Amino acid sequence: MFESLINKLRENPRKIVFTEGTDPRILEASARLLSGNFLTPVLVGNEEEILAAAEKIGFNVQGAIIIDPAKFEDMDKMVDTMVELRKGKMTAEQCRDALMQANYFGTMLVKMGYADALLGGATYSTADTVRPALQIIKTKPGSKIVSSCFIMVRDSASGEREVLAMGDCAINIAPTEDELVEIGLETAKTAKIFGVDPKVAYLSYSTKGSGKGEDVDKVRNACAKAKAAAPDLCIDGEMQFDAAVSPTVGQLKFPGSPVAGYANTFIFPDINAGNIGYKIAQRLGGFDAYGPILQGLNAPINDLSRGCNAQEVYSMAIITAALAE
C-alpha cells in the first residue's frame with residue numbers, strides 16, 4: 001500500500017507542514033522522508049531551535065523548509081487573508097495573535113499554497129488541529145461535515161494483505177441520518193485511494209429488519225439514501241458485523257446482498273461503536289490502524305495521536321500528502 005502511495009508522490013512531489021517542528025518524533029520522521037526524496041517537510045518553529053533539536057538526537061533535516069511565524073516575511077498578507085476568511089469573526093490583531101500559534105500558522109500555509117498538506121497533533125489535541133482547519137480550510141463543495149476514517153491493514157499467514165476502511169471513529173459523536181450518508185460516501189472515496197474496491201456495510205445491531213428501534217431506523221434510512229446518492233457504489237445495510245464479514249452468516253441473514261459477508265468498508269452508527277470497533281480490530285485482530293484520516297475538507301489536514309511514535313508520523317505523512325489533489 002505504501003509503495004504505491006510513495007510512487008504517486010515521486011511523480012508529483014508534495015510539501016507537508018508539521019506544526020511541531022522541534023518534536024523528536026517529527027524530526028526523525030522528517031529525516032526519513034527527506035532521505036526518500038519524495039516529500040518535503042515544512043517544519044514550523046524557530047530555525048535555530050529546530051536544527052539544535054535535530055542535532056541533539058542525531059537526525060539530519062537538511063533540505064527541510066523551516067518557517068518561523070515570528071520571522072515570516074508574508075505575515076501581513078497572511079493576516080489580511082485570515083481576516084477575510086473569518087468574515088468579521090476575528091480582528092486583524094486577533095488573527096495576528098492566532099498566527100503566532102503553530103496550528104493556525106501551519107493551516108494558513110496550506111490555505112495560501114505554501115504547502116499541500118498538514119499533519120499535526122503530536123502535542124496538540126485533536127480539537128486544536130481540527131478547529132483551525134474548519135475555520136480556514138473549510139469543507140469542500142458538497143460536504144457539510146468533517147468526518148474521519150481509519151485504514152486498517154493486516155498481512156495474513158499466506159502473505160496476502162487485507163485492507164479495510166472504518167468510519168467514523170473519531171470526529172462525529174452521534175451523527176444524524178444525513179451525516180451517516182456523507183460519512184459512508186466519503187469513507188468509500190478514501191478507501192479507493194488506498195486500493196480498496198469499497199463494499200460498504202452500514203452496521204447496526206440489526207440485520208435487514210431483525211431488530212427494531214430508532215437507532216436501527218436511522219442506519220437503515222441512511223443506507224437507503226447512500227445507495228440512492230451513489231448507485232455505482234456497492235452499499236448495503238443495515239447489518240450486524242458478523243453478517244458483514246462472514247459469507248455464511250451474511251448470506252443466511254441477508255440473502256442476495258452483494259455486501260453481506262464481503263464488506264471491507266464499515267460505517268458505524270456512532271463514535272462509541274466506531275472507536276471501540278477499530279481498537280478491537282487493532283488490539284485483538286492484529287490490524288495496523290492508520291488515522292484518523294479527516295474527510296470532507298478542502299485540503300488534506302490530519303491529526304496524530306499524542307502517543308504516536310516516529311514510524312506513525314512517517315506513515316501518516318505519506319498518507320496525508322497522498323490525499324492532496
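Please read all numbers here as calculations on a predicted model, not as lab measurements.
- No side-chain heavy atom of Val110 sits under 4.5 Å from any side-chain heavy atom of Ile136.
- Residue Lys77 qualifies as open at atom NZ: its count of foreign heavy atoms under 6.0 Å is 12 or below.
- In this structure, Arg25 contributes its side chain and Val313 its backbone to no donor-acceptor pair below 3.5 Å.
- If you chain together ILVMFWY residues whose side-chain heavy atoms come under 4.5 Å of each other, Leu284 ends up grouped with Ile276, Ile280.
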Verdict with reasoning, Asp74 to Tyr114, per side-chain contact (heavy atoms from CB on, under 4.5 Å): CA-CA 11 Å; Asp74 288 342; Tyr114 294 96; 2.5 Å; yes

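- Residues meeting the salt bridge (Lys or Arg N to Asp or Glu O under 4.0 Å) test with Lys227, sequence neighbours left out: Asp236.
- A tilted orientation is assigned to the rings of Phe241 and Phe266, their planes being inclined by 30° to 60°.
- With hydrogens and angles ignored, the 3.5 Å screen pairs a side-chain donor or acceptor of Asn302 with a backbone N or O of Leu294.
- By the neighbour-count criterion of 12 heavy atoms within 6.0 Å, atom CG of Asn37 is sparsely surrounded, having that number or fewer from other residues, nucleotides or ligands.
- Applying the salt bridge (Lys or Arg N to Asp or Glu O under 4.0 Å) definition to pairs two or more places apart or across chains, those involving residues 176-185 are Glu177-Lys225, Asp178-Lys225.
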Hey, can you pull the donor-acceptor pairs under 3.5 Å for the side chains in residues 188-201, sequence neighbours left out?
from	atom 1	to	atom 2	distance (Å)
Lys189	NZ	Glu186	OE2	3.4
Thr190	OG1	Glu186	O	3.1
Thr190	OG1	Gln295	OE1	2.7

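- Nearest approach of Tyr202 to Gly184, heavy atoms of both residues: OH-CA, 3.4 Å.
- To the nearest 0.5 angstrom, Met78 atom CE is 6.0 Å from Leu99 atom CG.
- With sequence neighbours left out, the salt bridge (Lys or Arg N to Asp or Glu O under 4.0 Å) criterion links Asp215 to no other residue.
- Residues passing the salt bridge (Lys or Arg N to Asp or Glu O under 4.0 Å) test with Arg154, sequence neighbours excluded: Glu162.
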Stepwise side-chain contact (heavy atoms from CB on, under 4.5 Å) check, Ile318 with Phe38: CA-CA 9 Å; Ile318 294 170; Phe38 57 84; 3.9 Å; yes

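- Contacts classified as side chain to side chain donor-acceptor pair (under 3.5 Å) and involving residues 239-255 (residues at least two apart or in different chains) are given here: Thr207-Gln240, Gln240-Lys253, Asp242-Lys253.
- When the options Leu180, Val181, Ile267, Ile271 are evaluated for a side chain to side chain contact (heavy atoms under 4.5 Å, CB included) with Pro175, the one that passes is Leu180.
- Counting only residues at least two apart or in different chains, salt bridge (Lys or Arg N to Asp or Glu O under 4.0 Å) contacts with residues 80-102 comprise Asp76-Arg96.
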From CA spacing to verdict: side-chain contact (heavy atoms from CB on, under 4.5 Å), Ile67, Phe105: CA-CA 10 Å; Ile67 306 180; Phe105 180 77; 3.5 Å; yes

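- Taking CE of Met112 as the reference point, atom OG1 of Thr107 lies at 13.0 Å (rounded to 0.5 Å).
- Residue pairs meeting the salt bridge (Lys or Arg N to Asp or Glu O under 4.0 Å) criterion with at least one member in residues 104-132, sequence neighbours excluded, are Arg14-Asp116, Asp128-Arg131.
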Trace of the side-chain contact (heavy atoms from CB on, under 4.5 Å) decision for Ile145 with Ile183: CA-CA 9 Å; Ile145 61 169; Ile183 290 166; 4.0 Å; yes

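- Applying the ring pair (Phe, Tyr, Trp, His ring centres under 6.0 Å) rule to pairs touching residues 285-312 yields Phe2-Tyr290, sequence neighbours excluded.
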Distance-only check: which donor-acceptor pairs under 3.5 Å involve side-chain atoms of residues 46-64, not counting sequence neighbours?
from	atom 1	to	atom 2	distance (Å)
Asn46	OD1	Glu48	N	3.1
Asn46	OD1	Glu49	N	3.0
Asn60	OD1	Gln62	N	2.9

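- Residues forming a salt bridge (Lys or Arg N to Asp or Glu O under 4.0 Å) with Asp288 (at least two apart in sequence, or on another chain): none.
- Rounding to the nearest 0.5 angstrom, the gap separating the OH atom in Tyr314 from the CD1 atom in Ile319 is 11.5 Å.
- Rounded to the nearest 0.5 Å, atoms CG (Asp23) and OG1 (Thr123) are 6.5 Å apart.
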